[in-house]
Amino acid sequence: MKILISAGPTREYIDPIRFISNRSTGRMGYLVADYARKAGHEVILVSGPVSIPAPGGVRLVRVETAEEMKKAILLNFPSSDVLVMSAAVGDWKPASPEREKVKRKAEWLLKLVPNPDILKEVAGLKKNGQRVIGFALETEELIRNASKKLLEKNLDLIIADTPAFFGEGGRSRVAFLYRDGRKEEFECMERENVACRIIEIIGGD
Ligand code: C5P
């Protein structure tokens, strides 16, 4: 199968030098890409800026902003069997980024506007046989919030996790919520096992 995977953070520039981003390391998406490749799938990895190397044998598409990520995903989705959207897409971007580097000043009030919800848009384009998988990082009401996103974004599967996955920790409470209402919950799951389970699920249909 052809698997399209997004990973890492996005950067939303406020001037040519400075940007707003998030704590994503890209580890989850890179692991999914690695397992997918080892399972014999063709893999396209659309990645925001991260400091880890890409697994061998995958096609790496580097992007910075949410708009660039959206373009790369829309371009590659029609020929893909599965999309795994594990990127931490910035939900907002500066309303009017400055063209020149802003000089030091006493106060700088930034106005932010929403970025497109890439996953929701792409899930709306889904054809028969294509599957779309998303993630939901939650700090509260893990299952309830993730179930809502599963429905709102029209996904086949959503993986709910917590900020415990940030940095080197690598273990979190995790829930797999399926479109048909099935649910698998794990109190403490390693990132590797999450990636491995996703590839099992993809291969299992
Ligand atoms: O709504 P929330 O941001 O929690 O949804 C998370 C899921 O949606 C993730 O799979 C993420 O990659 C995706 N997403 C997206 N575009 C955004 C925000 C999130 O594709 N602007």
Side-chain angles (χ1 to χ4, degrees), residues 3-13 19-33 36 43-50 60-78 80-95 97 112-126 130-166 172-179 189 191 194-195 197-199 201-202:
I3 318 281
L4 177 61
I5 301 167
S6 73
T10 63
R11 290 176 174 175
E12 308 304 331
Y13 281 88
F19 54 79
I20 297 171
S21 192
N22 61 64
R23 294 176 63 192
S24 170
T25 62
R27 281 195 176 86
M28 179 61 79
Y30 276 54
L31 270 174
V32 177
V43 178
I44 300 180
L45 177 59
V46 176
S47 176
V50 297
L60 180 67
V61 180
R62 291 178 206 273
V63 297
E64 265 196 290
T65 63
E67 291 291 350
E68 288 170 8
M69 184 169 280
K70 181 178 156 181
K71 260 194 212 146
I73 297 289
L74 284 177
L75 184 70
N76 289 288
F77 182 68
S80 300
D81 299 291
V82 183
L83 167 66
V84 181
M85 192 77 198
S86 65
V89 185
D91 285 316
W92 296 277
K93 63 182 171 193
L112 304 179
V113 292
N115 259 331
D117 188 328
I118 303 171
L119 187 56
K120 193 171 177 179
E121 281 189 34
V122 172
L125 305 171
K126 208 165 44 163
Q130 284 186 306
R131 283 177 288 167
V132 174
I133 300 175
F135 277 78
L137 176 81
E138 304 294 342
T139 55
E140 56 181 350
E141 303 273 16
L142 187 75
I143 305 288
R144 191 198 303 208
N145 289 335
S147 319
K148 220 172 124 205
K149 288 176 191 175
L150 174 80
L151 297 177
E152 276 174 7
K153 300 192 194 221
N154 189 26
L155 308 179
D156 297 285
L157 168 68
I158 197 160
I159 298 117
D161 58 16
T162 76
F165 267 147
F166 283 137
S172 166
R173 186 179 164 211
V174 175
F176 288 69
L177 309 178
Y178 297 82
R179 189 186 185 80
M189 194 172 192
R191 207 188 269 117
V194 176
R197 180 79 192 110
I198 291 171
I199 298 308
I201 294 164
I202 288 174

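Numbering of ligands and ligand atoms starts at 1, following listing order. Residue indices begin at 1 and follow the sequence shown.
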Quick one: look up the protein heavy atom nearest [atom] and list residue, atom name and how far away it is.
| atom | result |
| --- | --- |
| atom 7 (C) of ligand 1 | F135 O, 3.0 Å |
| atom 12 (O) of ligand 1 | A87 O, 2.7 Å |
| atom 16 (N) of ligand 1 | I118 N, 3.1 Å |
| atom 20 (O) of ligand 1 | L119 N, 2.8 Å |
| atom 4 (O) of ligand 1 | K149 NZ, 2.5 Å |

Worksheet item: Counting heavy atoms only, which of K153, M85, K120 is nearest atom 19 (C) of ligand 1?
Response: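 Closest candidate by heavy-atom distance is K153.
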Worksheet item: Between N115, D91, V122, which one has a non-hydrogen atom sitting closest to atom 3 (O) of ligand 1?
Response: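 Nearest heavy atom to atom 3 (O) of ligand 1 lies in D91.
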Discussion item. Is there a side chain to side chain contact (heavy atoms under 4.5 Å, CB included) between V82 and I133? Walk through the geometry before answering.
Written reply: CA-CA 8 Å; V82 183; I133 300 175; 4.0 Å; yes
Practice prompt. Pick out which of I199, V132, I5, L45 makes a side-chain contact (heavy atoms from CB on, under 4.5 Å) with V84.
Written response: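 For V84, the side-chain contact (heavy atoms from CB on, under 4.5 Å) test succeeds with only one of I199, V132, I5, L45, which is I5.
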Fill in: L177 side, atom CG; L157 side, atom CG - distance, nearest 0.5 Å
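Here the interatomic distance stands at 7.5 Å.
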Fill in: Atom pair OG1/NZ of T10 and K70 - distance to nearest 0.5 Å
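It comes to 13.5 Å.
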Worksheet item: Any donor and acceptor pair, going by atom type alone, linking the side chain of R62 with main-chain N or O of P49 inside 3.5 Å?
Response: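 Not at all, since once roles are kept as given, no pair shorter than 3.5 Å links the two residues.
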Discussion item. Heavy-atom pairs closer than 4.0 Å: do any link ligand 1 to the side chain of P116, the backbone, both, or neither?
Written reply: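 Under 4.0 Å from ligand 1, P116 contributes backbone atoms alone.
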Worksheet item: Which ligand 1 atoms does G134 reach within 4.0 Å, using its non-hydrogen atoms?
Response: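 This gives 10 (O) as the contact atoms.
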Worksheet item: Residues two or more places apart in sequence or in another chain: which of them pass ring pair (Phe, Tyr, Trp, His ring centres under 6.0 Å) with F19?
Response: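 Y13.
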Worksheet item: Taking atom types as modelled and ignoring hydrogens, do the side chains of T25 and Y30 form a donor-acceptor contact shorter than 3.5 angstrom?
Response: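 Note: T25 and Y30 side chains miss the donor-acceptor criterion.
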